[in-house]
2 protein chains.
Amino acid sequence: MDTIHTSLTIQEAAATTGLTVHTLRYYERIGLLMPIGRAANGHRRYSQQDINLIRTLNRWRQTGMSLVDIQHYVKLIEAGDITAGERRAMLEAHRETVVRQMEELQTTLELIDYKIQNYTDIEEKQEQVKA
Amino acid sequence: MDTIHTSLTIQEAAATTGLTVHTLRYYERIGLLMPIGRAANGHRRYSQQDINLIRTLNRWRQTGMSLVDIQHYVKLIEAGDITAGERRAMLEAHRETVVRQMEELQTTLELIDYKIQNYTDIEEKQEQVKA
DNA sequence: GTACAACTTCGAGTTGACTCTAAGTCAAGA
DNA sequence: TCTTGACTTAGAGTCAACTCGAAGTTGTAC
């Protein structure tokens with residue numbers, strides 16, 4: 001049966017978000033996700049909105065925001081538009097850390113390229129000796 | 001006494017590398033750093049070469065290379081020029097992960113800016129209501 | 001000569017973020 | 001009906017990377 005589902009099971013949610021079912025339940029348990037809707041049998045059903053939120057939170061996670069801070073961010077969302085200013089402030093702070101990370105990665109990239117060149121030179125010298 | 005020291009104490013090494021003295025000793029203990037030279041009293045003395053290596057390893061760390069992989073990298077350095085090819089391979093692999101991280105950060109940056117704009121719009125609407 | 005601070009080792013404890021297990025419920029298929 | 005497999009909860013276990021504490025040594029400052 002190819003149900004046109006507007007909501008996803010936990011397996012499907014895991015598949016589309018790249019998290020595991022364990023992690024999805026864990027996130028909900030620690031209050032990082034608002035309680036997810038349930039089917040008649042008690043099983044979780046993830047709405048498209050849930051999925052979008054999870055994708056967003058996952059981006060914050062993967063760029064170094066802690067679970068505690070993300071928790072706070074979600075609380076702000078739940079509290080409604082009145083918290084828009086505070087949410088903006090959080091994102092502006094996170095923006096700074098993202099920019100700093102990019103700078104560090106850029107510097108590291110240059111170091112890597114420099115060292116790769118060094119190692120390549122050494123390898124070429126070794127080839128010459130053999131020849 | 002302003003000694004012109006060519007080598008640094010563990011405190012000084014911590015200060016210039018941004019690591020803690022605990023972490024410096026920990027790194028040495030797990031074999032991530034080759035044994036550091038000692039003064040007559042048994043205290044560690046970090047040479048400029050040690051400091052340079054620590055700075056480099058710290059870059060690999062802060063861009064996501066695991067301690068186990070860094071350990072391996074240091075072993076290769078200790079083994080000399082013969083390992084240049086393997087070191088180059090490691091750095092080429094790490095280069096890939098660094099580039100991927102940068103891409104992810106860039107995407108996240110765009111999402112952050114989009115959301116900051118959203119929140120700013122909401123805040124402006126709230127100002128209008130008050131006025 | 002004794003207090004003090006900085007060092008030493010070794011092992012234990014902590015933190016953040018999962019990850020897994022046990023025990024149980026429930027619906028669909030053979 | 002019985003098995004199978006996905007789901008549920010609560011709590012325990014794991015892992016990487018530190019981080020700290022205890023007990024002891026040493027070198028300068030008063």
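Letters go in sequence order (proteins before strands), and every chain restarts at 1. Scope of the values below: all heavy atoms of this structure, side chains included, with no hydrogens, waters or symmetry mates.
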Tabulate atom names and distances for all N/O pairs under 3.5 angstrom spanning the protein and nucleotides 2-7 of chain D.
from	atom 1	to	atom 2	distance (Å)
D/dC7	OP2	A/Gln11	NE2	2.4

Selection residues 93-104 of chain A - residue pairs positive for salt bridge (charged side-chain N to carboxylate O under 4.0 Å, His left out), sequence neighbours left out: A/Arg95-B/Asp113, A/Glu104-B/Arg59
Nearest-neighbour nucleotide for the A/Arg38 side chain, D/dT19, D/dT9, C/dC20 considered: D/dT9
When you get a sec, tell me which of D/dG27, D/dG11, D/dT19 is the closest nucleotide to the side chain of A/Arg29? D/dG11
Show me the donor-acceptor pairs within less than 3.5 Å that the side chains of residues 69-81 of chain B make with the rest of the protein, sequence neighbours left out.
from	atom 1	to	atom 2	distance (Å)
B/Gln71	NE2	B/Ile30	O	2.8
B/His72	NE2	B/Glu86	OE2	3.4
B/Tyr73	OH	A/Tyr119	OH	2.8

How long is the line joining [atom1] of [X] and [atom2] of [N], in whole Å?
X: B/Ile36; N: C/dC7; atom1: CD1; atom2: P; result: 14 Å
X: B/Leu24; N: C/dA6; atom1: CG; atom2: C1'; result: 15 Å
X: B/His22; N: C/dC10; atom1: NE2; atom2: C1'; result: 14 Å
X: A/Ile30; N: C/dT19; atom1: CD1; atom2: C1'; result: 13 Å
X: B/Glu28; N: C/dC7; atom1: CD; atom2: P; result: 14 Å

Across all chains, not counting sequence neighbours, the side chain to side chain contact (heavy atoms under 4.5 Å, CB included) partners of A/His43 are A/Asn41, A/Arg45
Any residue meeting side chain to side chain contact (heavy atoms under 4.5 Å, CB included) with B/Gln49, in chain and number order, not counting sequence neighbours: B/Ser47
Sequence neighbours left out, what passes salt bridge (charged side-chain N to carboxylate O under 4.0 Å, His left out) with B/Arg44? Give chain and number order. B/Glu28
What parts of residues 48-56 of chain B reach DNA chain C, counting only heavy atoms under 4.0 Å away? none
Between A/Gln106 and A/Glu110, do the side chains contain an N or O donor and an N or O acceptor separated by less than 3.5 Å? yes
So do the side chains of A/Leu67 and A/Trp60 get within less than 4.5 Å of each other, counting heavy atoms only? no
Suppose we screen for side chain to side chain donor-acceptor pair (under 3.5 Å). Which residues come up paired with [X], at least two apart in sequence or across chains?
X: A/Gln117; answer: A/Asp121
X: A/Thr16; answer: none
X: A/Glu92; answer: A/Arg88
X: A/Gln62; answer: none

Scan nucleotides 13-17 of chain C against the protein and return all N/O pairs shorter than 3.5 Å with their distances rounded to 0.1 Å.
from	atom 1	to	atom 2	distance (Å)
C/dA17	OP2	A/Leu67	N	3.4

